[in-house]
Amino acid sequence: MDTILFGQVDWSVTKTAAIACIAAPIAIVALRHIKGLSSKKLPLPPGPRGLPFIGNALDIPQDNPWETYKGWSDQYGSDIIHLKVLGGDLIVLDSLEACKELLEKRSSIYSSRPRMTMMNELLGFSWHFAFMPYNEEWRERRKIFQQALHPTRVEAYRERLVRGVRNLLLQLLDDPDNFRGHGRLLSGAFILGITYGLDIKSDEDNYIQQAERAMVSMSAAGTSSYMVDFLPSLRMLPSWFPGAKFKRDAKLWSPDAIALPRDCLRFVEDGLVGTNLVARGDAPPCIATELLEELAPDDRDYVEKKRAIHDVLGAAYAAGADTTVSAFATFFLCMIQNPDIQKKAQEVIDEAISNLGRLPDFTEYKTLPYIEALVREVIRWRPVTPVCISMTSTSTAVPHEVTEDDVYKGYHIPAGATILANVYSISHDPSIYGPNPAKFNPARFMDASQTSINPDMPMGYDAFGYGRRVCPGLQIAVESIWLVVVSVLAVFDLRPEVGEKEGFVRYNSGMLIHADPFKMRFIPRSKEAVELIRNTETATNM
Ligand code: HEM
């Protein structure tokens, strides 16, 4: 046994330590190598046979690819399937069990992102940490984001959210046809408000226009097929080269992609430096101000730290605005399609607040189980990021990348494979969410008495992803949807437009899904409801 002696060197200990230091890394590398070698002997997960070179690229439909993935999963009797697309490996996870096992339990090797040449390198979205690989840069940004928007701090932003939703009610009263635009303004203005302290009043605002242009370019890059994502070396082609349209597209879109985080942060910096608002205590309360104030200009890492702030704040808008808007539209749609559910929700709200002579606010949060169930059902029924767009389009919504060879249920998962959770199919799995999952039915989240949330039922939040990359804006998103649901139903009856069919509305397939345009009416429920909306001063109980 080795002994430790003070005052003199015990060479036996030093020697053992030295051997351990050298041997341990070698053993780890060797084990990984052996694991890699042995796993490579195993078969890949099953999947349809592809064509030479393009593989399965043409097998995946543009519309509702999640249904096709699920079909293959049933056909091959496996909860993971493998596809080859232009030489790349794509593994689709078709069960909650597989997502939990791989994306959560083995998250140390399943949390990276595939290279996105068009999006990150040519357009300039490399600042968006949702698209970053699993590395130190990502870790730093994720940490800042989580601290800034920690659930205990979200309450501080509720007042702004309440104001935004009151404004939404007013807009729905005066200009109901543009209900989607109003939802967009609410979520965009709210996020730009909490991050940069911007006080956005209309969708004509320059900052919101610019942010929206950036989102349009992100969506276009994510929904189009660009060969450069499969053959990154093509990025070196000059833009005049035949077939190099991607370069011309990138040139057109990149100014907006770069401007979104840069100009908003500049707004805050100008306010801080130019007028010394902080010294006067007048700086807009926002995350940017807080983070910038903590920065010391003589800090050795000043430039890198400021870059991280720039990236984190931009990511909040890029990841949070459009996603929430999609959920708002799904809520409206579900209400006109399910008048009985709408009525039941209104009864619950009326019982809780009708005598109070005010609009709902966060006082009611967590006290209305049926409304909580309704919000969960909105998120479950049409998950905003259902799986991905088809691989004939290049960028998928939120793909993961596995960084080491691995084995799951006897199948080899090759390092570098793109991993997709088939969130749509999991959200519609009857063994998890009960019978008739295609039906919008908040009651599935309630217990047998229908008075409380069923604690044994999963939250229905598959749409927010899994593991270390799970959406860090979940709480803000859920609270925003909740407040819109409870406020809108308190004062409006939602009805389909006269003459419009209230039946099936298609959803587009893209980085995120959105319901196709539909028309509806927002009918004030009473004279008092109109007064409450108009008199927002009185209505704000904060
Ligand atoms: C209904 C609304 C929303 C949905 C459905 C949603 C969904 C998602 C999903 C699926 C991911 C990727 C998860 C993964 O890789 O496994 C994600 C990432 C992210 N979300 Fe959300 N999100 C929503 C709202 C928000 C909001 C409001 C914010 C910010 C205020 C936000 C910020 C982010 C960020 C920063 C990431 C990147 C995380 C990372 O890569 O580490 N999201 N979101």
Side-chain angles (χ1 to χ4, degrees), residues 93 99-100 102-104 107 110-114 116 120 125 127-135 137-146 148-151 153-154 157 160-161 164 183 186-196 211 261 287 308 311-331 375-376 378-388 396-401 418-424 426-427 459-485 511-514:
L93 312 182
C99 292
K100 296 240 172 230
L102 301 180
L103 302 181
E104 288 184 358
S107 59
Y110 279 87
S111 296
S112 204
R113 299 276 193 231
M116 297 173 168
N120 287 344
F125 274 107
W127 53 262
H128 189 1
F129 77 90
F131 296 158
M132 284 182 183
Y134 185 60
N135 57 17
E137 250 181 276
W138 167 80
R139 237 172 249 120
E140 187 191 0
R141 282 148 181 79
R142 173 106 190 176
K143 195 167 148 207
I144 298 175
F145 188 100
Q146 282 176 323
L149 289 168
H150 190 267
R153 306 191 61 196
V154 168
Y157 308 124
R160 192 181 274 277
L161 188 56
L186 164 66
S187 93
F190 171 61
I191 294 180
L192 292 181
I194 61 174
T195 45
Y196 302 104
I287 301 170
D311 294 357
V312 167
L313 298 175
Y317 189 93
D322 211 20
T323 38
T324 319
V325 171
S326 168
F328 292 160
T330 294
F331 157 62
V375 170
R376 290 188 190 188
V378 165
I379 293 164
R380 180 204 71 84
W381 186 70
R382 284 294 177 270
V384 176
T385 50
V387 56
C388 66
T396 54
V398 275
H400 288 224
E401 186 180 271
T418 297
I419 311 288
L420 296 169
N422 191 349
V423 167
Y424 189 93
I426 294 166
S427 305
M459 305 281 274
Y461 291 163
D462 305 280
F464 292 104
Y466 308 93
R468 295 186 192 183
R469 304 295 291 240
V470 70
C471 175
L474 188 154
Q475 179 163 338
I476 287 204
V478 171
E479 291 198 358
S480 306
I481 301 166
W482 181 87
L483 193 63
V484 166
V485 167
M511 284 189 84
L512 314 174
I513 58 164
H514 283 281

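One-based numbering, in listed order, for ligands and for the atoms of each.
Side-chain atoms of Ser112 do not come within 3.5 Å of backbone N or O of Glu401 as any donor-acceptor pair. With hydrogens and angles ignored, the 3.5 Å screen pairs a side-chain donor or acceptor of Arg469 with a backbone N or O of Ser111. Checking side-chain atoms of Arg113 against main-chain N and O of Ala130 turns up a donor-acceptor pair under 3.5 Å.
Side-chain contact annotation: Tyr424 with Arg382, donor-acceptor N/O pair under 3.5 Å present.
Exactly one of Ile194, Ile481, Leu161 qualifies for a side chain to side chain contact (heavy atoms under 4.5 Å, CB included) with Ile476. That residue is Ile194.
Using a 4.0 Å heavy-atom criterion, the residues that approach ligand 1 are Arg113, Phe129, Ala130, Trp138, Arg142, Phe145, Ala316, Ala319, Gly320, Thr323, Thr324, Val384, Thr385, Val398, His400, Ala463, Phe464, Gly465, Tyr466, Arg469, Cys471, Pro472, Gly473, Ala477.
Note: Trp138 and Tyr134 have tilted aromatic rings, judged against thresholds of 30 and 60 degrees for the angle between ring planes.
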